[in-house]
Chemist: 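The structure under discussion is supplied below as structure tokens; questions concerning it will follow.
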Number of protein chains: 2
Amino acid sequence: MNAPMTLTSRRAMTRGEATRDRILEIAEASVLAKGFSNTSIDEIIAAAEITKSGFFYHFRDKTDLAKALLERFIHDDNAKLDAIFARGRDLSDDPLHAFLIGLKLFAEMMAELETAHPGCMVASVAYHDKQFNNEVRGLNAAAVLGWRRRFLSALEEIAEVYPPRIDVDLSHLADMLSALADGGIILSRVLDEPRLLSEQILLYRAFVRTIFLGAGD
Amino acid sequence: MNAPMTLTSRRAMTRGEATRDRILEIAEASVLAKGFSNTSIDEIIAAAEITKSGFFYHFRDKTDLAKALLERFIHDDNAKLDAIFARGRDLSDDPLHAFLIGLKLFAEMMAELETAHPGCMVASVAYHDKQFNNEVRGLNAAAVLGWRRRFLSALEEIAEVYPPRIDVDLSHLADMLSALADGGIILSRVLDEPRLLSEQILLYRAFVRTIFLGAGD
DNA sequence: TGGAAAACTGTACCATTGGTATGGTAAACT
DNA sequence: AGTTTACCATACCAATGGTACAGTTTTCCA
């Protein structure tokens with residue numbers, strides 16, 4: 001596949017890469033604050049101190065920018081989730097408790113972001129839908145399927161050790177976390193209650209706990 | 001307050017009301033299919049067979065249209081939820097079982113809409129955010145608070161009869177259904193899995209059941 | 001039945017936005 | 001030194017949201 005390209009890569013950024021990165025940074029902030037269609041190219045190029053020609057040198061069109069933003073977001077998101085659940089496994093050898101710790105860390109992370117936490121880019125794109133080409137929608141779907149796979153494998157590992165006390169489909173249970181995260185962000189925004197999201201994650205945690213440990217303990 | 005205005009109101013529609021309604025119907029279909037910013041006024045007036053002046057006679061601007069769409073959606077949504085949970089109470093005197101029946105009917109309704117079910121208008125608006133004025137955002141928040149109140153009162157009624165087996169905050173549990181509905185719609189859309197939403201509702205149902213009945217039964 | 005209010009039409013115009021075209025130039029690599 | 005990379009400058013275009021304003025038809029009501 002591709003050569004590994006980490007954030008700590010030795011090679012310095014070329015001028016072009018630096019500019020492209022600056023555009024993405026500016027665009028991301030604006031998209032998360034105001035939404036994609038409310039972020040104009042003129043605004044971006046003014047902030048990045050380049051011309052329109054410069055912008056279109058880096059991106060074919062606005063959809064291409066959306067694609068790049070989404071790729072960036074998914075990459076960062078995966079890195080964060082990796083770190084969180086790896087930390088969980090660090091702190092406990094038991095798959096259930098490792099997952100429960102991961103969920104708690106996840107909830108804490110969401111709480112820390114407080115107001116104006118980055119609305120989930122995936123949801124933002126999902127609601128524009130037809131505006132974006134299949135490539136972008138495919139990326140989006142791949143990201144969601146990645147979450148499903150990630151959470152499902154954790155849940156399956158748990159189920160081997162702790163036979164579920166109630167009959168639930170584990171892949172639905174995996175999707176539930178994604179759904180709660182996206183839905184929780186929406187409710188947080190609409191109600192201006194930043195803590196709502198982490199409360200929902202913790203409620204999910206209680207559900208998982210009950211499924212594998214029962215209501216008693 | 002206002003005089004009661006039901007769908008079965010005797011008074012015939014005036015010409016103006018009929019036109020306004022036609023505009024809203026056309027706009028709603030387009031917004032649910034393509035998103036708000038992707039629905040042009042030109043497109044709407046062509047379908048409604050009126051002129052631009054005609055459109056702006058009924059709506060101050062596009063945001064005013066969004067507000068009207070949201071009001072309409074919230075009204076219809078409340079009517080549907082009322083019907084579903086009333087039916088649940090019809091079929092069982094027990095508050096828990098009435099709620100569980102309501103949830104099942106809710107899931108069935110969501111499943112019937114199959115592909116291209118109406119994406120939640122509230123979420124659609126939430127992701128445009130800054131684009132809309134405070135009035136619209138207030139409406140949005142009121143709708144969500146309405147759901148919370150509705151589900152919370154049902155849950156409290158249940159908790160009086162069935163002491164919860166696990167310690168959960170009931171208002172968080174009420175919000176969970178809203179979050180799952182919105183999040184489920186997003187996942188359904190992104191993955192093109194129309195059944196996902198109703199599966200999530202049923203999973204929520206299993207959670208509620210476990211909280212009040214325990215894992216045993 | 002006539003006059004006022006409601007519900008439009010028609011035309012013209014404007015700013016913003018996404019996007020294209022084209023030709024030129026400075027910086028970086030080789 | 002020459003090529004490629006990374007832009008700038010200018011001009012232009014169509015779609016879209018919106019305004020202005022004068023005129024016309026429909027409807028209602030006294």
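From a predicted model like this one, the values you see are computed outputs, not experimental measurements. Below, chain A is the first sequence line, B the second, and so on; all start at residue 1.
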Chemist: Any side-chain N or O of A/Thr14 under 4.0 Å from OP1/OP2 of C/dA28?
Modeler: no
Chemist: Would you kindly compare B/Asp61 and A/Arg22 by the position of their nearest DNA chain D nucleotide and give the one closer to the 5′ end?
Modeler: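 Per heavy-atom nearest nucleotide, the more 5' residue is A/Arg22.
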Chemist: So what does A/Ser40 hit on the nucleic acid, given a heavy-atom distance under 4.0 Å: a base, only sugar-phosphate, or nothing?
Modeler: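 The residue A/Ser40 makes sugar-phosphate contact but no base contact.
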Chemist: Quick one: is B/Tyr57 getting a side-chain N or O under 4.0 Å of the C/dA7 phosphate, OP1 or OP2?
Modeler: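 Result: yes.
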Chemist: Quiz question: going by heavy-atom distance under 3.5 Å, is there a donor-acceptor pair between the base of C/dG10 and the side chain of B/Thr51?
Modeler: no
Chemist: Quick one: closest heavy-atom pair of B/Ala179 and A/Leu187, and the distance?
Modeler: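 Minimum heavy-atom contact is N-CD1, 3.7 Å.
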Chemist: Pair B/Trp147, B/Asn78 - check side-chain hydrogen bond (donor to acceptor under 3.5 Å, both in side chains), show working.
Modeler: CA-CA 8 Å; B/Trp147 296 339; B/Asn78 275 327; 4.6 Å; no
Chemist: Considering only heavy atoms and no angle criterion, is a donor-acceptor pair shorter than 3.5 Å present between the side chain of B/Lys52 and the base of C/dG10?
Modeler: no
Chemist: At 4.0 Å (heavy atoms only), tell me whether A/Gly16 reaches a base, stays on the sugar-phosphate, or touches nothing.
Modeler: sugar-phosphate
Chemist: Which whole-number value in Å describes the distance from B/Ile45 CD1 to C/dT11 P?
Modeler: 14 Å
Chemist: Which pairs count as salt bridge (charged side-chain N to carboxylate O under 4.0 Å, His left out) when at least one residue sits in residues 140-153 of chain B, sequence neighbours excluded?
Modeler: A/Glu193-B/Arg148, B/Asp82-B/Arg150, B/Arg148-B/Asp175
Chemist: Between atom CZ in A/Phe36 and atom C1' in C/dG18, what is the gap in whole Å?
Modeler: 11 Å
Chemist: Please report the distance, rounded to the nearest Å, between CZ in A/Phe56 and P in C/dG19.
Modeler: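 Value for this atom pair: 5 Å.
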Chemist: For A/Glu17 and C/dA28, give me the distance from atom CD to atom C1', rounded to whole Å.
Modeler: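 One finds 13 Å between C1' of C/dA28 and CD of A/Glu17, rounded.
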Chemist: At the 4.0 Å heavy-atom cut-off to chain A, mark where contacts on DNA chain D begin and end, going 5' to 3'.
Modeler: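 Here the contact window of chain A covers D/dT5 to D/dT10.
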Chemist: Between side-chain atoms of residues 40-49 of chain B and protein atoms elsewhere (two or more places apart, or another chain), which donor-acceptor pairs fall under 3.5 Å?
Modeler:
from, atom 1, to, atom 2, distance (Å)
B/Ser40, OG, B/Glu43, N, 3.1
B/Glu43, OE1, B/Lys34, NZ, 3.0
B/Glu43, OE1, B/Ser40, N, 3.3
B/Glu43, OE2, B/Ser30, OG, 2.9
B/Glu43, OE2, B/Lys34, NZ, 3.0

Chemist: Mark yes or no: B/Lys62 above the aromatic ring of B/Phe36, with NZ or CZ under 6.0 Å from the six-membered ring centre and no more than 45 degrees from the axis.
Modeler: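 Yes; both conditions hold, so B/Lys62 lies above the ring face of B/Phe36.
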